[in-house]
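Chain A is the first sequence line, chain B the second, and so forth, proteins listed ahead of strands; every chain is numbered from 1.
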Protein chains: 2
Amino acid sequence: MLSNSVQDYLKALYEMGGESEMIGTGAVAARLAVTPASVTSMLQKLAASDAPLVHYKKHRGARLTDEGLGKALEILRHHRLVELFLHETLGFGWDEVHDQAEKLEHVISEELEDRIARQLGDPVVDPHGHPIPTKDGRMPVRHEKRLIDLPAATPARISRVADHDTEMLRYLGGLGLVLNARIEIVEKSPFDGPILVRIMDGDRVQALGRRVASQVHVMLDSATEMAAMPNHDNTNSDAGDSNA
Amino acid sequence: MLSNSVQDYLKALYEMGGESEMIGTGAVAARLAVTPASVTSMLQKLAASDAPLVHYKKHRGARLTDEGLGKALEILRHHRLVELFLHETLGFGWDEVHDQAEKLEHVISEELEDRIARQLGDPVVDPHGHPIPTKDGRMPVRHEKRLIDLPAATPARISRVADHDTEMLRYLGGLGLVLNARIEIVEKSPFDGPILVRIMDGDRVQALGRRVASQVHVMLDSATEMAAMPNHDNTNSDAGDSNA
DNA sequence: CTCTGTTTTTAGCCTTGCCTAAATCATAAA
DNA sequence: TTTATGATTTAGGCAAGGCTAAAAACAGAG
Ligand SMILES: [Mn+2]
Ligand SMILES: [Mn+2]
Ligand SMILES: [Mn+2]
Ligand SMILES: [Mn+2]
């Protein structure tokens, strides 16, 4: 069994770099709140075993092996199922589930994982719109873009929000910017100014800072059709910014 | 925060000796599957702090302080609430919940504890009939006796079963000897022989070995009245044999 | 190409919780 | 009262995962 620490390193590598990107020692250190020295020694250990969990090149960083990827997705599945379960079955708000799931993900047996998934009807996304890896270790692909990249006057739905910033989640929730809320951009102010968003449900217009807007992802209303088509954008499925 | 290990030691001391009994190093070692040497050093540490969790006398064993008792009951509350939750909400059998709860008990936040308790309607016993400590740290008293001590021809109900032996729980469940099943003893064979138990629901008679019968506790059908009366037996509320 | 600031690695140390082997203590039998 | 025996404690180590401080490698500016 992988220790909690090892699990956390694998998850961090996946969340920061997906399947292919090399991630530097310092970046991992910052995310896990440990020193770079600690990361170096852990990465060396993970790369050294006979079935290595990461590829590691001195001074160049690390990325997951297929082996490591599998483990990372397994943990992420636990995390996201637990988040949804806490939300759906126990009534926690979407801003309250992350920290608890961060602990529970490490102690969920396969049996419990299965029961939770079944009770929730084999869900595909967690309360923040993060896709839930499948039991056999694949990450569902979704075609979404950052709210900040959405053209003006294009109807869309909120499809994902970064989940580790409790404050921001509360703020967004208060504005009605919840999962699947229909919105469109009225105007983007120049010089990195705020973004004016129309919230269809209630027809209000709300100004959002750039920081927040880059944490929110949307799907075009036509995306359901697009999902059946070949993938033409080059972003990888889940990595790069999202959290757990 | 107390480490998982420390929590396990406190729980073991409570389960083995309750509030007052001194427990020897070797007994703790056997239960936790560590060496006596390890127990000695842990007990010394727990007794040394400025707010000691245990009283410890060299060569004489240890018992919980008030401080330690509070912590032990807190953990036990988590364990038993989780067991019941797994049973009631996720459909696990009573023989499947213990091991999972053993891990979850350490990572349940107060908030989650409260939600679980509320969802279950502030329950008083877990799936094995173990009383659930209250939020404010008291262990409910129940007036029960071991099946083995029940006089013949006295109607009673199964009120508790040791929970850590999966095999035995499956065996008992298969016989219909579940929680609250109505039974009475037909005959106790002499020379430590088996006990003949009539299972009212179905009116079958079943022979039980002494080993099993001493793990099962019962309440007299009149016990609800007795519960309101002063406690005349001198067994302490929960300690001595039960598990988690 | 060389210098310099930043990043990463190495070296050495610490804490927790466990272990084995060697004392030491307690107790019950002789 | 002595002795044997079992239980407990001490002494010394080990592995995991962290930290700090010093050394080394890289990368960008000149
Ligand atoms: Mn799993
Ligand atoms: Mn999430
Ligand atoms: Mn609690
Ligand atoms: Mn139980």
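- Here A:T35 reaches the OP1 or OP2 of D:dC19: one of its side-chain N or O atoms lies under 4.0 Å away.
- When each of A:N4 and B:K57 is assigned the nucleotide of DNA chain D bearing its nearest heavy atom, the one mapping closer to the 5' terminus is B:K57.
- B:S3 pairs by the side chain to side chain donor-acceptor pair (under 3.5 Å) definition with nothing, not counting sequence neighbours.
- Ring geometry for A:W94 against A:H128 counts as parallel: the plane angle stays under 30°, on a 0 to 90° scale with 60° as the upper cut.
- Heavy-atom nearest nucleotides on DNA chain D were determined for A:S5 and for A:H59, and the one closer to the 5' end corresponds to A:S5.
- When the local axes at the two ends of the helix from C:dC1-D:dG30 to C:dA30-D:dT1 are compared, using 5 base pairs at each end, they differ in direction by 10° after rounding to 10°.
- Extent of DNA chain C lying under 4.0 Å from chain A heavy atoms, first and last nucleotide in 5' to 3' order, is C:dT8 to C:dT10.
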Per-pair distances, 0.1 Å, donor-acceptor, side chain in residues 61-73 of chain A, under 3.5 Å, sequence neighbours excluded:
{"from": "A:T65", "atom 1": "OG1", "to": "A:P52", "atom 2": "O", "distance (Å)": "2.8"}
{"from": "A:T65", "atom 1": "OG1", "to": "A:L53", "atom 2": "O", "distance (Å)": "3.1"}
{"from": "A:T65", "atom 1": "OG1", "to": "A:E67", "atom 2": "N", "distance (Å)": "3.4"}
{"from": "A:T65", "atom 1": "OG1", "to": "A:G68", "atom 2": "N", "distance (Å)": "3.0"}

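- The side chain of A:M42 lies closest to D:dG17 when the candidates are D:dG17, D:dC19, D:dT8.
- The CZ atom of B:R60 sits 11 Å away from the P atom of D:dT8 (whole-angstrom rounding).
- Partners of B:R60 by side chain to side chain donor-acceptor pair (under 3.5 Å), not counting sequence neighbours: none found.
- B:I23 places its CD1 atom 15 Å from the P atom of D:dA7, with the value rounded to the nearest Å.
- Judged as a salt bridge (charged side-chain N to carboxylate O under 4.0 Å, His left out), and not counting sequence neighbours, the contacts of B:D149 are B:R146.
- Listed by chain and number, the residues in a salt bridge (charged side-chain N to carboxylate O under 4.0 Å, His left out) with A:D122 amount to none (sequence neighbours excluded).
- A:S38 comes within 4.0 angstrom of a base, heavy atoms only.
- For A:K58, the side chain to side chain contact (heavy atoms under 4.5 Å, CB included) partners at least two apart in sequence or on another chain are A:Y56.
- Identified under the salt bridge (charged side-chain N to carboxylate O under 4.0 Å, His left out) test for residues 89-99 of chain A, with sequence neighbours left out: A:D95-A:R170, A:E96-B:R115.
- A:P36 is linked by a side chain to side chain contact (heavy atoms under 4.5 Å, CB included) to A:T25, A:A29, counting only residues two or more places apart in sequence or in another chain.
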Please tabulate, one pair per line, each protein N/O and nucleotide N/O from nucleotides 10-14 of chain D that are separated by under 3.5 Å, including the distance.
{"from": "D:dT10", "atom 1": "OP1", "to": "B:K58", "atom 2": "NZ", "distance (Å)": "3.0"}
{"from": "D:dT10", "atom 1": "OP2", "to": "B:Q44", "atom 2": "NE2", "distance (Å)": "2.5"}

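- Remark: A:I23 pairs with A:L13, A:M16, A:E21, A:A27, A:V28 by the side chain to side chain contact (heavy atoms under 4.5 Å, CB included) rule, at least two apart or across chains.
- When the options B:Q100, B:H78, B:H79 are evaluated for a side chain to side chain donor-acceptor pair (under 3.5 Å) with B:E105, the one that passes is B:H79.
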